[in-house]
Amino acid sequence: MEGGKNRRIALRGFISKNGLQPTQMIVLGFLLLIIIGSLLLSLPAAASDGNATNYVDALFTAVTSVCVTGLTVVSTADHWSFFGQVIILLLVQVGGLGIVTAVMIFLMAFHRRIGLKNRILIQTAYGWNSMQGVSKLLLRIVAGTLIVELTGALCYMLVLVPEYGLAGIWQSVFLSVSAFCNAGMDVIGNTSLAGYVGNVWMNLITMILIILGGLGFLVWWELLALTKERWKSKTPFHILWNKTTLHTKIVLSATVVFILAGAVIVFTFEYGNPDTLGVLNFPQKLLAALFQSVTTRTAGFYTISQAALEDSTSAFCMLLMFIGGSPGGTAGGVKTVTISMLFFAVMATIKGQDETRVFHRSISDNNVKKGLTIILLSTSIWAVMTMLLLHLERVDLMTMCYETASAIGTVGLSKDLTPLLHTSGKLIICLMMYLGRIGPITMATAFLSRNQKEDMVGYPEENIMLG
């Protein structure tokens with residue numbers, strides 16, 4: 001085990017000496033895609049009125065698309081032409097899957113061999129523990145994505161085609177891709193899915209797509225493998241659960257807990273609010289509360305007004321937005337696994353345990369340190385950018401905090417502030433969306449490149465006062 005870890009470190013060291021590190025390639029790849037997208041969206045053909053779009057607005061739209069956020073400064077449905085909407089959808093798809101996957105699939109399409117450098121790049125992007133079977137992994141990711149998105153589009157068509165005619169086909173495709181990629185953008189209108197607040201089918205399909213995209217691709221494959229084993233051998237569920245990896249156990253458990261807890265709290269806080277749940281009947285209140293809980297996990301669609309939420313609900317939703325989805329998927333945030341791991345680390349400290357224990361497994365101190373670093377850096381970026389925007393824009397604290405939490409978590413929910421920002425404010429939000437999309441990946445992998453000479457030096461250990 002230790003030998004394999006040392007080999008991976010040595011291979012990354014070799015790559016860093018012969019070019020960019022994997023993390024740097026991911027960061028620059030997203031940046032290049034944003035630049036290309038912004039130039040295309042600034043063309044007259046991309047706007048519905050045939051006039052060139054202000055470059056800052058085109059850049060903002062490219063960033064929010066690639067970073068699968070959903071905050072917008074112009075109407076996706078009205079401002080952009082069909083060409084512009086296609087560009088946005090392609091940016092969302094590539095941004096959701098990841099620039100690494102898109103490039104590797106392109107190389108494979110032209111029968112290019114995936115070499116050692118590219119294998120390590122993929123391993124870094126997805127947190128994959130092995131460099132074997134990379135081509136198969138990529139093909140399964142793309143095939144699984146297309147199957148889920150196509151199924152989602154067909155399900156949406158059952159509602160949107162009867163309502164909008166042939167235009168409903170494009171609306172369904174766009175909505176399905178956007179929901180699976182957790183982008184929160186649509187071309188139906190300017191009120192997201194508020195018009196379908198009581199439509200069980202539209203809510204259900206959207207929530208399923210959001211959750212599937214946020215689980216992470218590696219969790220998919222493990223669940224499929226366990227399902228096949230259950231089908232063939234009739235293995236009891238508790239045995240299958242015991243065979244499940246720790247990562248998948250944490251992802252599934254945390255996903256259920258956060259969604260249910262979020263729904264209960266939103267339902268409780270907003271029950272009597274006449275501008276949100278108050279005007280709905282009881283079943284619709286439950287459905288809308290559940291949808292709000294799911295969409296805060298970096299999806300960005302809404303069925304109830306975000307500007308009208310109680311401050312207590314807004315504060316709780318910011319927490320959910322900051323947490324986000326799970327690693328290796330299309331969602332943003334600091335990730336459910338990170339938060340769960342740190343929770344168990346705190347509990348271990350309180351209990352006086354020397355190691356972090358979860359599901360009869362222990363988590364390394366190195367993982368806990370990375371988790372703490374992710375939380376600290378993400379929180380610091382959010383706090384600094386929020387203070388800067390408060391100084392520049394002069395709006396109330398809750399509205400600004402909600403907007404910036406949505407940006408750093410790549411969520412897309414808004415209290416209608418983003419379109420009103422000045423140019424400087426828009427650029428700061430762009431930076432936050434970009435850091436939110438690549439930040440967790442960069443933070444989690446930056447520590448893999450270590451100075452091996454320094455690691456060989458030991459220093460005396462000494463306790464310091466805490467608390």
With no hydrogens and no angle check, is any side-chain donor or acceptor of Ser38 less than 3.5 Å from a backbone partner on Ile35? yes

Please report the C-alpha distance between Asn190 and Ser75 in whole Å, then the side-chain angles of each, then the deciding distance to 0.1 Å, and finally whether the side-chain hydrogen bond (donor to acceptor under 3.5 Å, both in side chains) criterion is met. CA-CA 6 Å; Asn190 297 318; Ser75 169; 2.4 Å; yes

Any sub-3.5 Å donor-acceptor pair from Asn367's side-chain atoms to Ile363's backbone N or O? no

By salt bridge (charged side-chain N to carboxylate O under 4.0 Å, His left out), Asp57 pairs with (sequence neighbours left out) Lys426

Residues that Leu280 engages under side chain to side chain contact (heavy atoms under 4.5 Å, CB included), provided they are two or more places apart: Val197, Leu277, Gln284, Lys285, Ala288

Please check this pair: side chain of Ser81 against backbone of Ala45, looking for a donor-acceptor N/O pair closer than 3.5 Å. yes

So, Thr227 side chain and Leu223 main chain: donor-acceptor pair closer than 3.5 Å or not? yes

Report the distance from atom CD1 of Ile250 to atom CG of Leu246, rounding to the nearest 0.5 Å. 4.0 Å

Closer than 3.5 angstrom, by distance alone: can the side chain of Asp49 be matched with the main-chain N or O of His79 as a donor-acceptor pair? no

Residues at least two apart in sequence or cross-chain that pass ring-ring contact (aromatic ring centres under 6.0 Å, His included) with Tyr164, listed by chain then number, are none

Please tabulate, for the side chains in residues 142-154, all donor-acceptor contacts under 3.5 angstrom to protein atoms that are two or more places apart in sequence or on a different chain.
{"unit_1": "Thr145", "atom_1": "OG1", "unit_2": "Ile141", "atom_2": "O", "d": "2.8"}
{"unit_1": "Glu149", "atom_1": "OE2", "unit_2": "Gln93", "atom_2": "NE2", "d": "3.1"}
{"unit_1": "Thr151", "atom_1": "OG1", "unit_2": "Ile147", "atom_2": "O", "d": "2.8"}

Distance in Å, Ile259 CD1 paired with Arg297 CZ, rounded so as to fall on 0.5 Å steps: 5.0 Å

Describe, in one word, how the ring planes of Trp382 and Phe322 are oriented to each other, choosing from parallel (under 30°), tilted (30 to 60°) and perpendicular (over 60°). tilted

Within the 4.5 Å heavy-atom criterion, are Leu204 and Leu287 side-chain neighbours or not? no

So Thr245 and Thr248, side-chain hydrogen bond (donor to acceptor under 3.5 Å, both in side chains) or not? Walk me through it. CA-CA 5 Å; Thr245 62; Thr248 296; 3.2 Å; yes

With no hydrogens and no angle check, is any side-chain donor or acceptor of Ser42 less than 3.5 Å from a backbone partner on Leu39? yes

For the side chain of Thr64 and the backbone of Gly70, is there at least one donor-acceptor N/O pair under 3.5 Å apart? yes

Nearest 0.5 angstrom please: Met185 CE to Gln85 CD, how far? 9.5 Å

Between CD1 of Ile211 and OG1 of Thr255, what distance do you get to the nearest 0.5 Å? 8.0 Å

Can you find a pair of side-chain heavy atoms, one from Leu193 and one from Ile188, that are under 4.5 Å apart? yes

Can you find a heavy atom in the side chain of Val251 that is under 4.5 Å from one in the side chain of Val337? yes

Heavy-atom closest pair, residues Cys430 and Phe60: SG-CD1, 3.4 Å

side-chain hydrogen bond (donor to acceptor under 3.5 Å, both in side chains) assessment of Lys415 paired with Ser314: CA-CA 10 Å; Lys415 288 184 177 290; Ser314 296; 2.9 Å; yes

Check side-chain hydrogen bond (donor to acceptor under 3.5 Å, both in side chains) between Glu393 and all other residues, then give those that pass, not counting sequence neighbours. His422

For Thr69, is there any backbone N or O sitting under 3.5 Å from a side-chain donor or acceptor partner on Thr410? no

Phe343 CZ: over 12 foreign heavy atoms closer than 6.0 Å: no

Distance-only donor-acceptor pairs under 3.5 Å for side chains of residues 263-270, two or more places apart:
{"unit_1": "Thr268", "atom_1": "OG1", "unit_2": "Val264", "atom_2": "O", "d": "2.8"}
{"unit_1": "Glu270", "atom_1": "OE1", "unit_2": "Asn273", "atom_2": "ND2", "d": "2.8"}
{"unit_1": "Glu270", "atom_1": "OE1", "unit_2": "Thr276", "atom_2": "OG1", "d": "2.6"}
{"unit_1": "Glu270", "atom_1": "OE2", "unit_2": "Glu310", "atom_2": "N", "d": "2.8"}
{"unit_1": "Glu270", "atom_1": "OE2", "unit_2": "Thr313", "atom_2": "OG1", "d": "2.5"}

Does a donor on one side chain sit under 3.5 Å from an acceptor on the other, for Thr206 and Tyr196? no

Short side-chain to backbone donor-acceptor contact, Thr418 and Ser414, under 3.5 Å: no

Who passes side-chain hydrogen bond (donor to acceptor under 3.5 Å, both in side chains) against Ser340, sequence neighbours left out? none

With sequence neighbours left out, what residues match Phe174 under ring-ring contact (aromatic ring centres under 6.0 Å, His included)? Trp170

Do the side chains of Gln171 and Asp186 get nearer than 4.5 Å, heavy atoms only? no

Nearest heavy-atom pair of Ser406 and Gly412: which atoms, and what distance? OG-N, 2.8 Å

Steps toward side chain to side chain contact (heavy atoms under 4.5 Å, CB included) verdict (Trp80, Thr53): CA-CA 9 Å; Trp80 304 106; Thr53 301; 3.6 Å; yes

Residue pair Gly214 / Ala331: nearest heavy atoms and the distance that separates them: CA-CB, 3.9 Å

In Å and rounded to the nearest 0.5 Å, what is the OG1 to CG distance from Thr61 to Leu41? 6.0 Å

Side-chain touch Phe217/Leu97, heavy atoms, less than 4.5 angstrom: yes

So Asp396 and Thr399, side-chain hydrogen bond (donor to acceptor under 3.5 Å, both in side chains) or not? Walk me through it. CA-CA 6 Å; Asp396 69 278; Thr399 300; 2.8 Å; yes

Minimal non-hydrogen separation, Phe83 against Leu40, with atom names: CE2-O, 4.2 Å

Any side-chain heavy atom of Tyr434 sitting closer than 4.5 Å to one from Leu31? yes

Scan for side-chain hydrogen bond (donor to acceptor under 3.5 Å, both in side chains) pairs involving residues 174-184, sequence neighbours excluded, and state none if there are none. Asn182-Thr298

Sidechain-backbone polar pair: Trp201 side chain, Leu158 backbone, donor-acceptor under 3.5 Å: no

Determine whether Phe316 and Leu309 make a side-chain contact, defined as any pair of heavy atoms from C-beta on separated by less than 4.5 Å. no

What one should report as the nearest heavy-atom pair of Pro327 and Lys335 is N-CD, 3.7 Å

Considering only residues two or more places apart or on different chains, which pairs with a residue in residues 286-295 satisfy side-chain hydrogen bond (donor to acceptor under 3.5 Å, both in side chains)? Gln292-Gln306

Measure the spacing between CE of Met385 and CD1 of Ile408 and express it to the nearest 0.5 Å. 7.5 Å

Checking Phe301 now: which residues fulfil ring-ring contact (aromatic ring centres under 6.0 Å, His included) with it, not counting sequence neighbours? none

Residues in ring-ring contact (aromatic ring centres under 6.0 Å, His included) with Phe344, at least two apart? none

Are any non-hydrogen side-chain atoms of Met398 and Glu403 less than 4.5 angstrom apart? no

